[in-house]
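So you know, we letter chains A, B, ... as the sequences are listed, proteins then strands, and number each from 1. Side chains are part of it too, since the values below use all heavy atoms of this structure and drop only hydrogens, waters and symmetry mates.
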There are 2 protein chains.
Amino acid sequence: MTTEAGSPRSGGYARGRATRAEILDAAMRLFGEVGYRTASLREVAARVGISHPGLLHHFPSKAALLAAVLERRDEVDEAAFQADLAAGHEYVEALTRVIERNASRPGIVELYATLSAEATSPGHPAHAYFQERYRRVVDRAVGEFERWRDEGRLRPGLDPETAARLTVAVLDGMQIQWLLTADAPDARPDMAAALRAQLNAVQAP
Amino acid sequence: MTTEAGSPRSGGYARGRATRAEILDAAMRLFGEVGYRTASLREVAARVGISHPGLLHHFPSKAALLAAVLERRDEVDEAAFQADLAAGHEYVEALTRVIERNASRPGIVELYATLSAEATSPGHPAHAYFQERYRRVVDRAVGEFERWRDEGRLRPGLDPETAARLTVAVLDGMQIQWLLTADAPDARPDMAAALRAQLNAVQAP
DNA sequence: GTCTATACAACGATAGAC
DNA sequence: GTCTATCGTTGTATAGAC
């Protein structure tokens, strides 16, 4: 599960020690710090002590490296979400906890916000990834709201599909507003509170 | 002196006479096509038939060009919105019309979605612009929802500020989902319908 | 003022040697 | 598996022609 990152292997020769996992770790960190487009392969490579063609041997392109980072990040988030569900938490609670966790990692939030927007372009290397991801996230929300509807808890006139899309949209849109107020903590919107307000709005009165 | 830079595309207007407005026009179009970061100054310059240092004489940097493009786009949208209001349309109708207009210009939508995300980074050249823009848009929505509240039309327990932020977030978030389904028109969410559903959800039952 | 020409450092990517 | 060397392209800066 957890990759042993940053533990320097002993040996007289510092170079040639970079593994796939070490590169992934450094890339995720740098992407989170400065964003995908600003980050350079040379900088990632330098952080793990190899040349940038050396890095490209493990990941054939910058886009491939990005894809690998996204997949790993997703696995971590998904595991935490499923663990919350398995621990008996409701869908709403588990979702709120994901949001709250992200609030302490602005770098990753910015990475996802920027990427999901730039990946809307059909030619983008992460386009298919985000299409699949949105379908998964929306579908899960649809399932939840279908349960609400069956129990009479969904607002009349609102179908589960629309409720799901609106809720996912609120999360994405609030991320932008949250990120844009990084330098004004007082005016910063509360992501979890916004989610609760939205869930309340789509609920039956 | 004829400038021979650029490809002989359309002989509509005389080459070598590129004005600020022509550059702005070409830049807006290219940014909308491929995004800000992918677009190159050389390509913009080529489209108006000048060299790229020639372009830099009018706009000292790529960021300055971007700022000018955003300001002009905003003026156009703002004028249309105000014209709708002046024509007696309600706020909700005017807002819906902006959305519907944008649905026919996916390039501009993608430009704004991408930019508002990448401009969340404090060092981005358009950071201040988007901060100001969001404050303006949210404030206008707050004003509208305060009216709703005073007339008893706002959902109880929901304050105008939160309702405004949620609504703006829905518009931004739905744009992502809309753009991501560009290659599947059947599954494409209806932006205007989503806005109406959201406004319905924040309304008093 | 309006431009062309040229130079520069940094980028992603490739080729080929150990 | 990792290196050095190199390619084409980018944003930017400067010099200088009209």
Without decimals, in angstroms, what is the distance between [X] [atom1] and [N] [atom2]?
{"X": "A:Leu30", "N": "C:dC11", "atom1": "CG", "atom2": "P", "answer": "11 Å"}
{"X": "A:Leu41", "N": "D:dT2", "atom1": "CG", "atom2": "P", "answer": "15 Å"}
{"X": "B:Tyr36", "N": "D:dT10", "atom1": "OH", "atom2": "C1'", "answer": "12 Å"}
{"X": "B:Lys62", "N": "D:dT12", "atom1": "NZ", "atom2": "P", "answer": "8 Å"}
{"X": "B:Leu55", "N": "C:dA5", "atom1": "CG", "atom2": "P", "answer": "15 Å"}
{"X": "A:His52", "N": "D:dT4", "atom1": "NE2", "atom2": "C1'", "answer": "11 Å"}
{"X": "B:Arg20", "N": "C:dG1", "atom1": "CZ", "atom2": "P", "answer": "13 Å"}

Quick one about B:Gln177 and A:Arg165 (side-chain donor to acceptor, distance below 3.5 Å, no hydrogens or angles considered), yes or no?
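Short answer, yes.
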
Under 3.5 Å, is there a donor-acceptor pair between the B:Asp172 and B:Tyr134 side chains?
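Judged by distance alone, the side chains do pair up.
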
Is there a side-chain contact between A:Phe145 and A:Thr167 in this structure, where contact means two heavy atoms from C-beta onward sitting under 4.5 Å apart?
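With C-beta onward as the side chain, the pair touches.
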
Please tell me which of the listed nucleotides, [options], lies nearest to the side chain of [X]?
{"X": "B:Pro53", "options": "C:dG12, D:dC3, D:dT14", "answer": "D:dT14"}
{"X": "B:Ile50", "options": "C:dA13, C:dT4, C:dT2", "answer": "C:dT4"}
{"X": "A:His57", "options": "D:dT10, C:dG1, D:dT2", "answer": "D:dT2"}

Using a 4.0 Å heavy-atom cut-off, does A:Leu56 contact any base of the nucleic acid, only the sugar-phosphate backbone, or nothing at all?
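If one applies the 4.0 Å heavy-atom cut-off, A:Leu56 turns out to touch a base.
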
How is B:Ala63 classified with respect to the nucleic acid when contacts are heavy atoms under 4.0 Å: base, sugar-phosphate, or nothing?
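Contact class for B:Ala63: none.
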
Please tell me if B:Ser51 has a side-chain N or O lying less than 4.0 Å from either OP1 or OP2 of C:dC3.
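Answer is no, no contact under 4.0 Å.
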
Using modelled atom types only, decide if a donor and an acceptor are shared between the side chain of B:Gln131 and the backbone of A:Leu180 within a distance under 3.5 Å.
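Present.
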
Quick one: does B:Arg188's side chain have a donor or acceptor within less than 3.5 Å of a partner on B:Trp178's backbone?
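Indeed, once roles are kept as given, a pair shorter than 3.5 Å links the two residues.
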
For A:Gly54 and A:Arg42, take the nucleotide of DNA chain D holding the closest heavy atom to each; which residue's nucleotide lies nearer the 5' end?
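Of the two residues, A:Gly54 wins.
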
For C:dT2, does the base pair up with any side-chain atom of B:His58 as donor and acceptor (N or O, under 3.5 Å, distance only)?
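No, no donor-acceptor pair under 3.5 Å.
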
